[in-house]
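Notes follow once the structure below has been shown.
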Amino acid sequence: MPAYVLTSGNTFSGGEELAYDLQTLKLGTVVGEVTGGGANPGERVSIGHGVMAFIPAGRAESPVTGSNWEGRGVQPDLKVPAADALATTLRRLGQAPAAATIEAASPSRSSRPGPCRFRAGRRCCAAFWPAVPRPSLITRCCHRTS
């Protein structure tokens, strides 16, 4: 039975590892959008005065590729908008999904990260994600409301 992993720009960390591993081992097909790009583990450390920093504590590395998806994300085999990933996958499997099924399983606004409620926005959160080379890749905010 074929395995498919559906991804979006909000897929991060462990979800990315599953997608990357199945893809590189040729055990599955990744369908959707490029993922967030968070491969390397670490932890938040207080650096004083209420400021925290994300300090990398390791490096995920695939024995197949000798690399990982840090900073660039997992590249899907079938690149489609996340909202279309389920329908695309079902069509590949020869199924005609009902519109209600797709709507019920598709990402909604409530599942997307909310805006940072701090005035500094993503800049304040960059202190938590210094290993991310581009702030646009920050998909989780420590201050988000949702």
Side-chain angles (χ1 to χ4, degrees), residues 1-95 97 101-102 104-118 120-146:
M1 168 153 263
Y4 290 87
V5 179
L6 310 184
T7 62
S8 76
N10 292 330
T11 305
F12 202 74
S13 193
E16 290 178 290
E17 181 161 9
L18 174 66
Y20 189 80
D21 290 347
L22 290 178
Q23 184 183 58
T24 59
L25 294 170
K26 301 193 184 319
L27 296 174
T29 302
V30 178
V31 182
E33 299 172 347
V34 176
T35 64
N40 298 335
E43 58 187 58
R44 292 178 182 149
V45 176
S46 174
I47 57 175
H49 304 287
V51 177
M52 303 288 288
F54 181 83
I55 306 298
R59 183 181 191 288
E61 187 173 293
S62 166
V64 175
T65 65
S67 186
N68 65 32
W69 60 95
E70 181 70 30
R72 68 182 192 293
V74 177
Q75 306 300 310
D77 298 305
L78 296 170
K79 195 170 188 176
V80 298
D84 299 334
L86 179 59
T88 299
T89 300
L90 290 173
R91 279 193 290 279
R92 278 187 64 108
L93 292 169
Q95 298 178 16
T101 302
I102 297 298
S106 292
S108 67
R109 283 200 152 105
S110 64
S111 67
R112 294 189 179 135
C116 181
R117 61 179 184 233
F118 277 143
R122 287 183 181 255
R123 281 178 278 140
C124 73
C125 295
F128 290 89
W129 300 94
V132 177
R134 296 186 316 268
S136 63
L137 292 177
I138 298 172
T139 58
R140 294 187 180 149
C141 174
C142 54
H143 311 114
R144 73 177 195 215
T145 57
S146 60

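- Here the closest heavy-atom approach between residue Val74 and residue Glu16 is recorded as CG2-O, 3.6 Å.
- Taking CG from Asp84 and CD from Glu33, the interatomic distance works out to 9.0 Å, rounded to the nearest 0.5 Å.
- In terms of heavy-atom proximity, Gly32 sits nearest to Ala85 at CA-CB, 4.1 Å.
- Leu18 contributes atom CG, which lies 11.0 Å from atom CD of Gln23 (distance to the nearest 0.5 angstrom).
- Once rounded to the nearest 0.5 Å, the distance linking CG of Leu6 with OG1 of Thr88 reads 9.0 Å.
- The two residues Asn40 and Glu70 come nearest to each other via the heavy atoms N-OE1, 2.8 Å.
- Taking every heavy atom of both residues into account, Thr7 and Thr11 meet most closely at CA-OG1, 3.5 Å.
- A 4.5 Å side-chain heavy-atom check between Val51 and Ser46 finds every atom pair outside the cut-off.
- Considering all non-hydrogen atoms of both residues, Pro41 and Arg59 come closest at CD-N, 4.1 Å.
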Quiz item: Which is it for Tyr20 and Thr35 under the side chain to side chain donor-acceptor pair (under 3.5 Å) test, yes or no, and what are the steps along the way?
Solution: CA-CA 10 Å; Tyr20 189 80; Thr35 64; over 6 Å; no
Quiz prompt | side chain to side chain contact (heavy atoms under 4.5 Å, CB included) between Leu22 and Val30, worked out | solution = CA-CA 8 Å; Leu22 290 178; Val30 178; 6.0 Å; no
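- Atom CG of Leu90 is separated from atom OH of Tyr4 by 10.0 Å, given to the nearest 0.5 angstrom.
- Nearest heavy-atom pair across Ala53 and Ile47 is CB-CG2, 4.0 Å.
- At distances below 3.5 Å, not a single donor-acceptor pair connects side-chain atoms of Asp77 with backbone N or O atoms of Thr29.
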Self-check item: Full working for side chain to side chain contact (heavy atoms under 4.5 Å, CB included) between Gln75 and Trp69
Solution: CA-CA 9 Å; Gln75 306 300 310; Trp69 60 95; over 6 Å; no
